[in-house]
Amino acid sequence: MSQQIKITLPDGSERKYEKGTNGLQIAASISEGLARNVLAAKVNGQVWDATRPIEEDSQLQLLTWNDGEGKNTFWHSSAHLLAEALEALYPGIKFGIGPPIETGFYYDVDFGDHTLDGSELEKIEQKMIELAREKNEYIRKAISKKDAIAYYQEKGDEYKLDLLEGLEDGSITFYEQGNFTDLCRGPHIPNTGFIKAVKLTNIAGAYWRGDENRKMLTRIYGVTFPKAKELQEYLTMLEEAKKRDHRKIGRELELFTFSEKVGQGLPLWLPKGTLLRERLVAFMKKAQDKSGYEQVTTPHIGHKALYETSGHYEKYGKDSFQPIATPHEGEEFLLKPMNCPHHCEIYKHKPRSYKDLPIRYAEFGTVYRYEQSGELHGLTRVRGFTQDDAHIFCCPEQVKEEFIKVIDLVLYVFKALGFEDYTAQVSLRDPENKQKYIGTDEAWEKAESAIIEAASEKGLETVTELGEAAFYGPKLDFMVKDALGRKWQLGTIQVDYNLPERFELEYIGSDNSKHRPVMIHRAPFGSLERFVAVLIEHCAGNFPLWLAPEQLIILPISEKFKEYAEQVKAQLDDAGISGSIDNRDEKIGRKIRDAEVKKVPFMLIVGEKEAAEERLSVRKHGEGDLGSHTVDGFIQYFQGIIAESLSK
RNA sequence: GCCGACGUAGCUCAGGGGUAGAGUACUUCCUUGGUAAGGAAGGGGUCACGGGUUCAAAUCCCGUCGUUGGCUCCA
């Protein structure tokens, strides 16, 4: 007589099954459709193969493509399928690791002498589809460490042997599908037949174990789907994302450019891009003025001694732009990589009282950092950029309150610009590796708890990363994704107990003795460059009216109405609204099309009717004809939109 | 910095051992047109740069620079 086990489903219902029944069988007992879609089973909180027998009473959740863990399992199994195809096509190659990633999976492979060409990917995709059609089961096998080592020694795969070294005997499993066996913890989908659509997206080099001193393997990225249609949708989405690429839109809208002669990673802002920047700067200055900041201005270079004092020279000197020497005296100056040392010296220019604190110095400071050439990317990663930087000098008791105020400012900025989808990351130091950081344990602990408390008081949802702190202090970063889903850090708030120490900053307390202030570095945009890049991708170049570099354009029906167009322009100018006139010898349809393509928010069409009635035909970008308005009426409407978006 | 790919007109791209092509943009002319492309003509490129092979290189080879997808790094 067989034993029964009790299975509890997520809805709380309980069912009895024979001991040793697997997730797939349970699914089949519920519905055929469910059985067809089950990728894995979550048994008592652990993701298992759907085909793995369940031996005791358990909580069970059947995972499908709609579950993140289901997708992960699917892609992980796809990585194995890729490996199987590769082994069939390139016998003798060696394998590193092949995990699922946010979208898809990759496998790191050592091809020996062969260099994989992008044109070979199609052949590999076909092989994968061919193998998928065989519907080979993924078979889990426990194996002893000794046997596993023997297997890979025989195969000559030093990477798998390296991985095995870190594994404990008794917990090692192999997974086998078709003719391919891989060292793997699992879990996997029931069989390869679930994989219906395959796209290998790109090839890249990747160091074994991420260590640049080890061998570089060939990393093949791919993505797979249970339905061909979903692959099509994914590819369409990628194409749409490419259209939002800030590099493309930046060129088309004439916002910025790069020049080989000027140097890589050094953006050149064109007039329209500069206007956009200036609007952002004005916006930030206004918000900061309200929050008690004072603007300061400092030079682009600073004496080497300044950075020796700050500690930056010791830490980054070798990997920075090298010092600039004076011709005769041989004094050395550095291009400033950050503004804070300068601001510390401003703080120091006179004695400070506790009554002066907090002091908040803000500067749109342009800094220069030597970024590795391979790391440069459009405006998101450059070598010269302008931070919306500020440093708050306060007494220790004020840290949390100041921190909260800065969070408010960051959230205000994000809201005004429509960034709703961001993550807030608290970066703490790596407790295992404390010597990487400057400063005492006590100071670090104080700073870290101030951040955590401030974030929680603001109700901010945060993720915490150990080891991601700056060398001088913990921080709270705001990250936003670009069009292609790559994460970028924008706003940052960082507590610093270190620089005040190094610069010997002081204030006189109410007890008439000297005390050390705490510094908070903060930049809500992060850098204007990166912010603009992400903003462009966020709105696909359709900037909110108050930011648009070209807010409106007047389109005369024919040259007969040029004079009236000029008159309208003058009226708008008087109201502080600037716009140009399209006086080209083109039909109105053409002028409208060109303005639409340039994403100009408003088109004001003026012809016989409008000139006679002293009115405008208003057309809104992306929406079309808004009908006839008086000039004053339009001005009110226009200013109303701006006022509304800035009042949020 | 490392691995791979790419570099032809302002832009998007075709071509490919025998001194360069399209569309678009630009200029001029015709047209004076009412809500997403009116017509015609014309100008414009050391085919990234430097070497090599060859009777001949934009094309093949090597190097440099730049761009790009990753990796590593990121005050």
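Everything numeric here is computed off the predicted structure, so don't read it as measured data. Side chains included, hydrogens not; waters and symmetry mates left out as well; all remaining heavy atoms used. Here is how names work: the chains are called A, B, and so on, in the same order as the sequence lines, proteins then strands, and each is numbered from 1.
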Here the distance between atom C1' of B/A25 and atom CD of A/E254, to the nearest Å, is 11 Å
Would you verify whether the NZ or CZ of A/R219 falls within 45 degrees of the ring axis of A/Y106 while also being under 6.0 Å from that six-membered ring's centre? yes
Applying the 3.5 Å cut-off to both distances, the Watson-Crick or G-U partner of B/G44 turns out to be none
* Asked: Considering only the P atoms, how many Å lie between B/A58 and B/A48, rounded to the nearest integer?
  -> 10 Å
Point to revise | Any A/Y221 side-chain N or O less than 4.0 Å from OP1/OP2 of B/G4 | key: no
Taking B/A57 as the reference, what is the distance to B/G18 when you measure between their C1' atoms (whole Å, please)?
10 Å
Roughly how many Å apart are B/C47 and B/C13, using the C1' atom of each and rounding to a whole number? 13 Å
Rounded to whole Å, CZ of A/R381 lies from P of B/U67 at a distance of 14 Å
When A/H343, A/E345, A/H342, A/E363 are each screened for side chain to side chain donor-acceptor pair (under 3.5 Å) with A/T298, the one that passes is A/E363
Readout for nucleotides 35-44 of chain B: B = base within 4.0 Å of protein heavy atom, S = sugar-phosphate only, - = neither; 5' to 3' it is BBBB------
Any strand, both distances under 3.5 Å, Watson-Crick or G-U wobble: B/C49 pairs with B/G63
*Does any non-hydrogen side-chain atom of A/H391 lie less than 4.5 Å from one of A/N339?*
yes
Salt-bridged, A/K243 to A/E240, with N to O below 4.0 Å? yes
Is the shortest distance from a Lys or Arg side-chain nitrogen in A/R214 or A/D162 to a carboxylate oxygen in the other one below 4.0 Å? yes
Applying the 3.5 Å cut-off to both distances, the Watson-Crick or G-U partner of B/U68 turns out to be B/G4
Worksheet item: Hey, is the side chain of A/S320 pairing donor to acceptor with the base of B/A75 inside 3.5 Å?
Response: yes
| What distance, rounded to whole Å, do you find between the two C1' atoms, one in B/G17 and one in B/G52? | 15 Å
Taking atom P in both B/U8 and B/C71, compute the distance separating them and give it to the nearest angstrom.
27 Å
5' to 3', nucleotides 5-11 of chain B under a 4.0 Å protein heavy-atom cut-off (B base, S sugar-phosphate only, - none) gives ------S
- Item | N/O (side chain, A/S558) to phosphate O (OP1/OP2, B/G33) under 4.0 Å | no
### Task
Verify the stacking flag for A/Y316 against B/A75: centroid separation must be under 5.5 angstrom and the ring planes must differ by under 30 degrees.
yes
Mate of B/G17 across any strand shown (Watson-Crick or G-U wobble, both atom pairs under 3.5 Å) is none
When A/R530 and A/G374 are each assigned the nearest nucleotide of RNA chain B, the 5'-most assignment goes to A/G374
Please confirm whether A/H303 and A/F333 have ring centers closer than 6.0 angstrom. yes
Pick the P atom in B/C26 and in B/G7, then give their distance to the nearest Å. 27 Å
Under the 3.5 Å rule, do the base of B/G1 and the side chain of A/Y207 count as making a donor-acceptor pair? yes
Pairing partner of B/G10, by Watson-Crick or G-U wobble and under 3.5 Å for both distances, is B/U24
Any carboxylate oxygen within less than 4.0 angstrom of a Lys/Arg side-chain nitrogen, looking at A/E596 and A/R619? yes
B/A22 versus B/A37 - spacing of their P atoms, nearest Å
25 Å
Among B/C73, B/A75, B/U32, the one nearest any side-chain atom of A/K560 is B/U32
Residues A/A533 and A/L379: closest non-hydrogen pair is CB-CB, 3.8 Å
**Request:** Test A/F111 against A/Y90 for ring pair (Phe, Tyr, Trp, His ring centres under 6.0 Å), laying out the working first.
**Result:** CA-CA 8 Å; A/F111 279 94; A/Y90 308 91; 5.3 Å; yes
Sorted by chain and number, sequence neighbours left out, salt bridge (Lys or Arg N to Asp or Glu O under 4.0 Å) with A/D389 holds for none
A/R584 atom CZ is separated from B/U27 atom P, nearest whole Å, by 10 Å
Exercise. Report yes if a side-chain nitrogen or oxygen of A/R247 is closer than 4.0 Å to either non-bridging phosphate oxygen (OP1 or OP2) of B/U68; otherwise report no.
Key: yes
query = Would you say A/Q372 reaches B/C73's phosphate, i.e. side-chain N/O to OP1/OP2 under 4.0 Å?
reply = no
- Item | Between A/Y307 and A/Y313, ring centroids under 6.0 Å | no
- Taking only Lys NZ, Arg NE, NH1 and NH2, and the carboxylate oxygens of Asp or Glu, determine whether A/R429 and A/D441 approach each other closer than 4.0 Å. yes
Re B/C74: Watson-Crick or G-U wobble partner, both distances kept under 3.5 Å, found to be none
Do any side-chain nitrogens or oxygens of A/H377 fall under 4.0 Å of OP1 or OP2 in B/G69? yes
Margin query: Measuring only the P atom in each nucleotide, how far is B/G43 from B/U28? A whole number of Å is fine.
Written below: 15 Å
Whole-Å distance, A/Y106 OH to B/G4 C1', equals 17 Å
